[in-house]
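Quick notes on the structure that follows.
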There are 2 protein chains.
Amino acid sequence: MNKRTILIIEDNLEIREGTAEILELTGGYNVLTAENGKIGVDLAIKNLPDIILCDIMMPELDGYGVLYMLSKHESTMHIPFIFLTAKSERVDMRKAMEMGADDYLVKPFDDIELLNSIESRLRKRDSLQSTLEKSHTLSLSEDDQNVLLHELVNEARVKIYKKKQLIYEEGDTPIYVYYLLSGKVRSFLYYQDGRELSTYIHTKDEFFGYESILLNERYTESASALEDAEIALIPKENFFELMFNKPAIATKFIKLLSGDIKEKEEQMLGFAYDSVRKRVANTLVQVAQKTISAPDEDEVVIRISRDDLAALAGTANETISRMLADFKDEKLIIKEGNAIRIFSVQKLKNIKQ
Amino acid sequence: MNKRTILIIEDNLEIREGTAEILELTGGYNVLTAENGKIGVDLAIKNLPDIILCDIMMPELDGYGVLYMLSKHESTMHIPFIFLTAKSERVDMRKAMEMGADDYLVKPFDDIELLNSIESRLRKRDSLQSTLEKSHTLSLSEDDQNVLLHELVNEARVKIYKKKQLIYEEGDTPIYVYYLLSGKVRSFLYYQDGRELSTYIHTKDEFFGYESILLNERYTESASALEDAEIALIPKENFFELMFNKPAIATKFIKLLSGDIKEKEEQMLGFAYDSVRKRVANTLVQVAQKTISAPDEDEVVIRISRDDLAALAGTANETISRMLADFKDEKLIIKEGNAIRIFSVQKLKNIKQ
DNA sequence: CGCATCATTGAGCTCTTTCAAACCGGGTGG
DNA sequence: CCACCCGGTTTGAAAGAGCTCAATGATGCG
């Protein structure tokens, strides 16, 4: 740690120099001295010492005046302030403390008394500063973050949405952030002619619908349940409160957003250059991965309509039918009633053009 | 503001009740009382009062003990602590202050003395809390944010990139955040076969390349200069420091990211359903808007190669040529050497299918 | 002036969409 | 119980959008 700086404001030369010497030699502090209140205030404002020792009776500006001046200043108001004075009357001490002094040492005092007093005030200030800061840094552990977010979710109202039910629509004003407890939800955009393009499938334990909240704008996309879903509705205010007071949570969302951007760019690349065949394959993979529990499952059964697949792949549902027929011929999938069994997600993923 | 809560720890029933009454009636505080140190400590931890008044000589646990116990506890260590005691000896007072007491009132005391002492300590604590919090909230004004960001940019090294020069490439480990001072830069992805898809054109006064930094991952996209560009290279560490210490800055980037997501979704919709004609038109509009200074300019001259346009529109450069020829026939644009004059950005924007 | 790069144009081909018709399974009402 | 209807699905055929390949033109730089 840096050497602490102490400002001594004292008109008596002897005491001033004597005290300064003690503090420098015994305490190992940096010492600034001022011979009257006015100079003291100036020095304090300019140098922002870690602690201030001040006499009461002085020419120019007395100790109370110094304390008053410094307590007006944003930057000096929180510097521990100790009076060193010959005034041993109770009223004097009370006045000093009521004005906000942190300690009151009656002269003559021991070196030890002075050093202890200083140490005590510095310790107090340090610990306060550090705990206040702690609550405001990203030092929250992954677990703590999750606890906070879980609280948020647990306090929230839970609503059940039926398959196909709209959760929010383009143009709506956001009032909630959503957290998916079970089921699947898709976010989608409308094209001018009414066709839909699904941009994302949300699944268990994911937040969604936060972009517009964060921008403080209306929704530019819509969301609906892809299958029956349980969704926690987190009031915007609660979300913001946590977000702004816990940088760790903000950081978490920053990462979420950054990750989302990458995913969307990847998707964009697909829309630009992939053949429809490939896009359909990727869509199946995407749905499969949102369905499985373990990340290494390779055979998956998914239940999804051609229309939903079409909206995801950005193609016509007839095309989906054709592609599925092709994949079936190639023994990549098989249709089981209204479900599709994917034999190998990996193989589907590695389809070339 | 809520009613403040005061905890009185005092074994003498009369004094305890008397003091409590004064504080409740005259001071308007909530008062909790404890008849010995042990109970006092428990109450303090459980109720977290705003201030604690404590006798020194008590059965079970004396005042020093109480102060010691509470100063061990994260949650109670910063509660202002005032001793109320008959011990008027200097050594007693020194001991109390050295242990971290905030004030020391010798019995018998006036009501006024007590109330003033309490008010003074509460005031002190409030102001410290509020200023410390201020530096950690999003209350930074738009201007202050910009000042901070400008400092960041001004401190950074500036590098000149020539047209076509690569700034970073997929797979590189990010070490800078980039801020464009002049010129244009494009971010792009490589498709498997080597074709490129530009995802964004960055222009004057924009940050770029921050997504990967924020994710703490390697770049998943590349960036190159679309024309000669002056770029400030902001070291990752400086960026993070600002980001984590100033929630306002984090908030700014959260908005940036959220906005980016919306833009990318919009783009995706275009790639999925727009005709190439429309995509080319949009691309021209995009480039034009990144070129103009005033947002209402309608006639714009842009200089950009067919290949760059193709990468932006996600199409073949031959197609770009054909589309430009069409637009020229339709008197929407005219070719001037290697530049393109757009007669009306609006008209181009409104092209149907 | 010549080379290299960039831009344009043409022709054929493929992929995808669109429109239309048929199909399938299940629920409903007669 | 059966015909019917409805939504979702499949299949067919034709049209067209956009790509590739290839040749030709234009431009600018050394």
Side-chain angles (χ1 to χ4, degrees), chain A residues 162-164 191-197 226-227 269-284 302-330 333-341 351-353, chain B residues 162-164 191-197 226-228 269-284 287 302-330 333-341 351-353:
Chain A
K162 303 295 275 178
K163 186 171 173 173
K164 291 210 156 198
Y191 190 62
Q192 334 168 29
D193 60 6
R195 274 185 289 177
E196 298 171 1
L197 178 71
L226 210 48
E227 52 188 53
L269 189 63
F271 277 113
Y273 295 139
D274 280 348
S275 63
V276 168
R277 176 181 159 81
K278 185 144 192 207
R279 253 151 61 200
V280 173
N282 281 341
T283 302
L284 288 175
I302 60 177
R303 335 189 123 258
I304 186 167
S305 73
R306 306 304 117 130
D307 283 340
D308 283 336
L309 283 174
L312 276 161
T315 182
N317 57 20
E318 295 94 331
T319 306
I320 297 286
S321 271
R322 286 183 235 273
M323 292 301 152
L324 289 183
D326 288 356
F327 291 153
K328 191 177 153 199
D329 292 345
E330 294 167 41
I333 65 168
I334 195 169
K335 291 169 215 167
E336 299 183 342
N338 63 14
I340 300 168
R341 175 177 298 271
I351 271 186
K352 294 295 158 206
Q353 51 107 22
Chain B
K162 304 295 275 179
K163 187 172 170 169
K164 291 208 153 201
Y191 190 61
Q192 335 168 29
D193 60 6
R195 273 184 290 176
E196 297 170 3
L197 178 71
L226 210 48
E227 53 188 52
D228 292 3
L269 189 62
F271 277 113
Y273 296 139
D274 279 348
S275 65
V276 167
R277 175 181 161 82
K278 185 143 192 212
R279 254 151 59 199
V280 174
N282 281 342
T283 301
L284 289 174
V287 176
I302 60 177
R303 334 189 125 257
I304 187 168
S305 73
R306 305 307 118 137
D307 283 341
D308 284 336
L309 282 175
L312 277 160
T315 181
N317 57 21
E318 295 93 331
T319 306
I320 297 286
S321 271
R322 285 184 237 275
M323 291 302 151
L324 290 183
D326 288 356
F327 292 154
K328 191 177 154 196
D329 291 346
E330 294 167 41
I333 65 167
I334 194 169
K335 291 169 215 167
E336 300 184 340
N338 64 14
I340 300 167
R341 175 177 298 273
I351 272 184
K352 293 292 155 208
Q353 52 105 21

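Lettering follows sequence order; numbering is per chain, from 1. Values in this document were obtained by computation on a predicted structure and should not be read as measured data.
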Q | Euclidean distance, atom CZ of residue Phe271(B) to atom C1' of dG18(D) [Å, nearest integer] | A | 15 Å
Q) Counting any heavy atom closer than 4.0 Å, what does Ser321(B) reach on the DNA or RNA strands: base, sugar-phosphate only, or nothing? A) base
Q) Once you round it to whole Å, what is the distance between C1' of dT5(C) and CG of Asn338(B)? A) 12 Å
**Q.** Side-chain donor or acceptor of Tyr273(B) paired with backbone N/O of Glu196(A) under 3.5 Å
**A.** yes
Q) At under 4.0 Å, does any side-chain N or O of Thr315(A) touch on OP1 or OP2 of dT17(C)? A) yes
Q.
Regarding Ser305(A), tell me which of base, sugar-phosphate or nothing describes its non-hydrogen contacts under 4.0 Å with the strands shown.
A. sugar-phosphate
Q: Taking only Lys NZ, Arg NE, NH1 and NH2, and the carboxylate oxygens of Asp or Glu, determine whether Lys162(B) and Asp228(B) approach each other closer than 4.0 Å.
A: yes
Q: Run through Thr283(B), Leu197(B), Val276(B) and flag the one making a side-chain contact (heavy atoms from CB on, under 4.5 Å) with Thr315(B).
A: Val276(B)
Q. Which whole-number value in Å describes the distance from Asp274(A) CG to dC19(D) C1'?
A. 15 Å
Q: Can you figure out which of dT11(D), dT18(C), dC19(D) approaches the side chain of Ala325(A) most closely?
A: dT11(D)
Q.
Nearest to the Val276(B) side chain among dT17(C), dG18(D), dT10(D), which nucleotide is it?
A. dG18(D)
Q. Rounded to the Å, how far apart are Glu336(B) CD and dA26(D) C1'?
A. 17 Å
Q. Does the dT11(D) base have a donor-acceptor partner in the side chain of Arg306(A) within less than 3.5 Å?
A. no
Q | Protein-nucleotide distance (Asn317(B), atom CG; dG18(D), atom P), rounded to Å | A | 16 Å
**Q.** Any donor-acceptor N/O pair under 3.5 Å between dT14(C) base and Arg277(A) side chain
**A.** no
Q: Work out which heavy atom in Ala316(A) is nearest to a heavy atom in Ala310(A); give both atom names and the distance.
A: C-CB, 4.0 Å
Q | Interatomic distance, Ile320(B) CD1 vs dC19(D) P [rounded to whole Å] | A | 9 Å
Q. Heavy atoms under 4.0 Å, any strand shown: does Lys335(B) hit a base, just sugar-phosphate, or nothing?
A. sugar-phosphate
Q) Rounded to whole angstrom units, what separation is found between the CD atom of Glu318(A) and the C1' atom of dA13(D)? A) 13 Å
Q. Can you find a donor-acceptor pair, distance only, under 3.5 Å between Arg322(B) side chain and dG10(C) base?
A. yes
Q.
With a cut-off of less than 4.0 Å, is there a side-chain N or O of Lys164(B) near OP1 or OP2 of dC6(C)?
A. yes
Q: Over all heavy atoms of both residues, which pair between Arg279(B) and Asp274(B) is shortest? Give the atoms and the distance, please.
A: NH1-O, 3.7 Å
Q. Separation of Asp193(A) atom CG from dT18(C) atom P, in whole Å?
A. 8 Å
